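Chain letters run A, B, ... following the sequence lines, proteins first, then strands; residues in each count from 1. Since the model is a prediction, treat every value here as computed from it, not as a measurement.
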Amino acid sequence: MKVKYINNDGGGFAGYVETREGTTVGELFNERVPSGAANNYLIRVNCQIATPDEVLKEGDRISFTPLKIEGASR
Amino acid sequence: MDAQKRRLLRAAQEIRSCIVQVQIATHVPGHRWRRIQKLASQAESCHGLGWLRAAEQLQGNLRRELRGLAGELSSLADAMTRMARETPTNLQATFAEIFRNLLALRHEFPEAGCDLAAGTLWVVTESIVLRRVELGRFRIELDFRRVQDFQPYRVIAMEPKFPAGGREVPHPHVQYDSLCEGKGKQAVQAALRSGRIYDFFTIVARLLATYNGASAYVQLSAWNGVCCTACGDTVPGDEVIHCDRCEEELCPGCSSDCKTCGYSFCHECRTSCSRCGWAVCHSCVKACTRCGRIVCRECCNDNLCPVCRQLSQENQDESADDDESIAAETATAQEASA
């Protein structure tokens with residue numbers, strides 16, 4: 001099935017990705033952000049708070065936004 | 001449907017238009033095409049009437065307009081290609097997605113709203129606390145009619161907690177109402193270009209909730225500090241020293257303790273003993289009654305500075321010697337007369 005995956009880390013990524021039926025939010029996170037820890041991200045499905053065991057559906061919009069994004073002074 | 005939802009629908013429509021409009025690089029040259037059509041019609045009429053010179057002139061103008069149109073269309077195609085590469089059409093938020101984004105803002109933030117007249121969407125963050133420094137809430141205000149412009153949003157401190165010595169920095173990474181996006185810049189721009197309004201506000205909120213000490217307009221360590229009235233440096237609150245006489249706020253480098261009483265004083269309220277060089281306040285200072293030199297109490301003896309004291313002592317010794325000599329001569333003279 002196809003879901004819209006958005007990663008707001010660094011340069012960011014936004015695109016449709018194929019994933020198997022029954023994939024959970026946690027599984028997609030581990031697959032797409034293997035070096036990250038889920039508790040360091042805001043994880044939203046269709047702009048709503050999501051739990052790791054929530055099962056994704058066709059067309060869902062999943063976003064991962066880092067909790068820490070450093071600003072600057074210049 | 002309530003009034004708020006209707007406002008959000010209108011806002012979503014306008015945001016979607018902005019994204020699509022930029023995707024086709026603002027506008028097609030319709031005005032120039034209408035001018036071309038008019039010229040062509042005029043040239044045809046002149047030919048029909050036998051006005052060959054007029055027709056020739058009109059055809060010259062028509063050729064120029066056609067070349068200009070060709071140039072504009074080529075630039076437009078290049079701009080569309082560039083925009084498509086940066087933000088593929090299939091990744092642009094649809095009208096429905098934008099509307100859902102706007103509805104979701106009310107659940108993500110304590111406050112969120114839309115001002116159609118002003119063309120703004122806004123959210124208010126939770127109170128921001130960075131390393132135990134409270135900075136208060138911030139309002140992130142997006143001008144949704146300029147969503148494709150450079151930084152079309154402001155960050156406004158709701159209860160500003162400015163650092164010592166500066167009222168233009170309400171947050172380590174905000175100057176006046178402009179956020180320096182740092183590592184979030186690309187993510188912010190990508191979110192705005194594709195109409196991901198929910199992501200935009202979320203990213204900006206996370207930027208405000210993160211401290212980067214390596215690149216801050218004002219360091220948090222100096223946030224609750226005080227400006228030294230002598231040198232202007234910012235001093236952490238727990239290191240501030242108050243002059244015991246005038247109560248001015250000082251850094252440790254600009255205050256000195258009186259050698260005699262031990263209290264702290266600023267440069268104006270103290271002096272130095274001309275003998276030992278130690279700092280001494282105006283209350284503990286003494287002036288030599290003979291030469292007027294300023295000395296501390298420890299260096300003052302019988303209201304004399306050490307130099308004058310020594311001179312006085314020498315004079316006294318000389319007097320004592322003279323007295324002894326006179327006494328001795330007198331005694332000798334008396335013995336002789338007896």
From SG (A:C47) to CG (B:D199), nearest 0.5 Å: 6.5 Å
Within a 6.0 Å radius of atom CD1 on A:I49, are there more than 12 heavy atoms belonging to other residues, nucleotides or ligands? no
Report yes if some heavy atom in the side chain of B:H173 is under 4.5 Å from a heavy atom in the side chain of A:E70; otherwise report no. no
Surrounding CZ of A:R20 (heavy atoms of other residues, nucleotides or ligands, distance under 6.0 Å), is the total greater than 12? yes
Over all heavy atoms of both residues, which pair between B:Q186 and A:G10 is shortest? Give the atoms and the distance, please. CB-O, 4.1 Å
Here the pair of heavy atoms bringing B:A104 nearest to A:Q48 is CB-NE2, 4.3 Å
Pick one of side chain, backbone, both or neither for B:E181, based on which atoms fall under 4.5 Å of a heavy atom in chain A. backbone
Any heavy-atom pair between the side chains of B:Y198 and A:R44 that's under 4.5 Å? yes
I'd like to check A:R61 versus B:N101 (side-chain heavy atoms, cut-off strictly below 4.5 Å). Are they in contact? yes
Exceeds 12 heavy-atom contacts within 6.0 angstrom, atom CD of B:Q13: yes
Can you say whether B:A209 sits under 4.5 Å from chain A via the side chain, the backbone, both, or neither, judging by heavy atoms? neither
Side chains of A:S73 and B:S215: any donor to acceptor distance under 3.5 Å? yes
Pick one of side chain, backbone, both or neither for B:Q189, based on which atoms fall under 4.5 Å of a heavy atom in chain A. neither
Is there side-chain contact between A:K68 and B:N212, with at least one heavy-atom pair below 4.5 Å? no
Give a yes or no on whether a salt bridge exists between B:K183 and A:D9, defined as a side-chain N under 4.0 angstrom from a carboxylate O. no
A:E31 atom CD, neighbour heavy-atom count above 12 within 6.0 Å: yes
Over 12 non-hydrogen atoms of neighbours within 6.0 angstrom of CD in B:E111: yes
Does atom NZ of B:K185 have more than 12 heavy-atom neighbours from other groups under 6.0 Å away? no
Do other residues, nucleotides or ligands put more than 12 heavy atoms under 6.0 Å from B:R10 CZ? no
Do you see a donor-acceptor pair shorter than 3.5 Å between the side chains of B:R206 and A:N8? no
Among A:L67, A:I6, A:T65, residue most engaged with chain B (heavy-atom pairs, under 4.5 Å): A:L67
